[in-house]
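Presented below is the structure to which this report refers.
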Amino acid sequence: MAKTLSYLLLLFLIVSCEPTKDDTIIIDLGKVFVSSNTQSRIGIFNFSDLDNKVLIQYETTTDDAEGIYYDNTRDIVYQADRENNRINAYNRLSTNEASSGILPSAISTSDFSNSRGLTSDKNIAIVAQDASEENGQQNALLMYDISANEIILRNQFTVDFALWDIQLVGNTLYAVQDGTDSLAVFNNFLANSDGQVAPDFKIRIEGIVRTHGLYYSLTEDLMVMTDIGDPASGIRDGQIVLIEDFNLKLSAALQEPEKTISSTDMLFINGANTTLQNPVDVVYHSTANRIIVAERATNGGMLLAFEYPEQVDNSNIFDSTPSYSVSYDGISNLYINQ
């Protein structure tokens, strides 16, 4: 796998650069940032030119990472380090040469274990802790004040359901309820104090078996979620679920006793052509109109891109072949910068 990645790096690494006043080369950073839980790398895929997709990688000190976030205004990557149970910050990322080793400019205290999603609004970061023996079977959300040189714990919250991916949009926190077909929504999340917190509501997504990844696009009012199906089945039963006009459908579902968004109100990407088996994370690239997926099981990890499906008849299920696919060992989490 390492040989494959090295080959891909040599094949695709065509980056536009410009010198700074001190002649430091700045790489034109790509759009999709990638964590891995099997290799010590941060990967960056550039999909701005669909005919010339670029992969840039940096070597890090941890070989087990999940959540990732890039602050483009300050050129900092934040990553949830599962090996050391902390958040690492990598300042001035673009001033490093591609393939070079990078060291954290700041690290948090070790306040969590078994981390999954990480989300941020540039000044704070929130990490999702999934219950495990190491943390006493406690699901939690931990909030940090963040900068290039300091990551300071602000709040610790416990929740009564299993967590995976999370996303902060304004003051609203979306969280998947692992092991279920449900999405939890916390309104005015940043106003909470330490201790137990409960979502304002949970909504069922009909047609999902077990959700993991989510991505909400505010400008398109589009919610994208992943379904890993039955991980013990060994078959390609993963899928991507697209909910257009999300807030309208969410409001309507909340008026019903079942609090469920119907499968007839969604689009599904699933089937043998998709190669989806265990899609753990997803982002939507609005410029390229692509759904980009972290597929963890197929070939040990793959980054897949799908064209947004066009509904031409009454069917809302699309057995799409990826428009782009590349192996990326241990791929665990994505962040899109656009």
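Numbering of residues begins at 1 and proceeds along the displayed sequence. Below, each value reflects all heavy atoms present in this structure, side chains not excepted, and no hydrogens, waters or symmetry copies.
The main-chain N or O of Ile76 is never found under 3.5 Å from a side-chain atom of Asn91 such that the two would form a donor-acceptor pair. In this structure, the side chain of Ser332 engages the main chain of Ser35 through a donor-acceptor pair within 3.5 Å. Within the 3.5 Å criterion, the main-chain N or O of Ala131 finds a donor-acceptor partner in the side chain of Asn139. Side chain of Asn135 to main chain of Ser132: a donor-acceptor pair is present (N/O by atom type, distance under 3.5 Å, no hydrogens or angles). Using modelled atom types, no side-chain atom of Asp281 and backbone atom of Ala294 make a donor-acceptor pair closer than 3.5 Å. Side chain of Ser110 to backbone of Asn84: a donor-acceptor contact under 3.5 angstrom is found. Side-chain N or O atoms of Asn96 include one that pairs as donor or acceptor with a backbone N or O of Arg92 at under 3.5 Å. In this structure, the side chain of Thr109 does not engage the main chain of Asp111 through any donor-acceptor pair within 3.5 Å. Counting only distance, with no hydrogens or angles, the side chain of Arg290 and the backbone of Ala288 share a donor-acceptor pair below 3.5 Å. In this structure, Ser147 contributes its side chain and Glu150 its backbone to a donor-acceptor pair below 3.5 Å.
Residue Phe318 comes nearest to Gln311 through the heavy atom pair CZ-CA, 4.0 Å, listed as atom of the first residue, atom of the second, then distance. The two atoms that bring Tyr58 and Ser94 nearest to each other are OH-CA, 4.5 Å, heavy atoms only. When every heavy atom of Val282 is checked against every heavy atom of Tyr215, the shortest pair comes out as O-CB, 3.4 Å. Among all heavy-atom pairs drawn from Thr119 and Leu168, the shortest one is OG1-N, 2.9 Å. Summarising the geometry of Leu304 relative to Ser325, their closest heavy-atom pair is CD2-CB, 3.4 Å, with the distance given to 0.1 Å. For Ser40 against Asp63, the heavy-atom pair with the smallest separation is OG-CB, 3.2 Å.
A salt bridge between Glu258 and Arg204 is absent, with no side-chain N of the basic residue lying under 4.0 Å from a carboxylate O of the acidic one. Between Arg154 and Asp145 there is a salt bridge, since at least one side-chain N of the basic residue sits less than 4.0 Å from a carboxylate O of the acidic one. Taking a cutoff of 4.0 Å between a charged side-chain nitrogen and a carboxylate oxygen, Arg86 and Asp81 qualify as a salt bridge. Between Arg210 and Asp178, at least one side-chain nitrogen of the basic residue sits less than 4.0 Å from a carboxylate oxygen of the acidic one, meeting the salt-bridge criterion.
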Taking it one step at a time, do Tyr174 and Asp165 satisfy side-chain hydrogen bond (donor to acceptor under 3.5 Å, both in side chains)?
CA-CA 8 Å; Tyr174 298 100; Asp165 202 13; over 6 Å; no

Under the side-chain contact (heavy atoms from CB on, under 4.5 Å) rule, what do Leu214 and Val176 come out as? Steps first, then yes or no, please.
CA-CA 7 Å; Leu214 71 86; Val176 298; 3.4 Å; yes

Quick one: do Asn85 and Ser113 satisfy side-chain hydrogen bond (donor to acceptor under 3.5 Å, both in side chains)? Show the steps, please.
CA-CA 5 Å; Asn85 298 325; Ser113 62; 5.2 Å; no

Please report the C-alpha distance between Asn247 and Asp221 in whole Å, then the side-chain angles of each, then the deciding distance to 0.1 Å, and finally whether the side-chain hydrogen bond (donor to acceptor under 3.5 Å, both in side chains) criterion is met.
CA-CA 7 Å; Asn247 277 301; Asp221 193 21; 3.0 Å; yes

Walk me through it: do Tyr70 and Tyr78 pass the test ring-ring contact (aromatic ring centres under 6.0 Å, His included)?
CA-CA 6 Å; Tyr70 177 62; Tyr78 297 94; 9.4 Å; no

Step by step, work out the side-chain contact (heavy atoms from CB on, under 4.5 Å) result for Phe306 and Thr321.
CA-CA 7 Å; Phe306 296 90; Thr321 300; over 6 Å; no

For Thr260 and Glu206: C-alpha separation, side-chain torsions, deciding distance, then whether side-chain hydrogen bond (donor to acceptor under 3.5 Å, both in side chains) applies.
CA-CA 7 Å; Thr260 299; Glu206 186 179 37; over 6 Å; no

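The neighbour count for Gln196 CD, taken as heavy atoms of other residues, nucleotides or ligands under 6.0 Å away, is above 12. Summarising the local packing, CD of Glu59 is surrounded by more than 12 heavy atoms from other residues, nucleotides or ligands at distances under 6.0 Å. Counting non-hydrogen atoms of neighbouring residues, nucleotides and ligands closer than 6.0 angstrom, the CG atom of Asp313 exceeds 12 such neighbours. The number of heavy atoms from other shown groups lying within 6.0 Å of CD (Glu133) does not exceed 12.
Expressed to the nearest 0.5 Å, how far NZ of Lys31 lies from CG of Leu334 amounts to 15.5 Å. Atom OG1 of Thr226 sits about 9.5 Å away from atom CD of Glu295, to the nearest 0.5 Å. To the nearest 0.5 Å, atom OG of residue Ser323 and atom CD of residue Glu307 are 5.0 Å apart. To the nearest 0.5 Å, the span separating OH on Tyr69 from CD1 on Ile336 amounts to 13.5 Å. Distance OH/Tyr216 to CD1/Ile243: 11.0 Å, rounded to 0.5 Å. Taken to the nearest 0.5 Å, the CE atom of Met266 stands 9.0 Å off from the CE atom of Met225.
Hydrophobic clustering of Ile, Leu, Val, Met, Phe, Trp and Tyr side chains at less than 4.5 Å, counting indirect connections, unites Val293 with Val224.
When side chains are defined from C-beta on, Gln79 counts as touching Tyr90, because their heavy atoms get closer than 4.5 Å. At a threshold of 4.5 Å between non-hydrogen side-chain atoms, the residues Phe45 and Phe33 do not count as touching.
Side chain to side chain, Asn37 and Arg82 fail the donor-acceptor criterion of an N or O pair below 3.5 Å.
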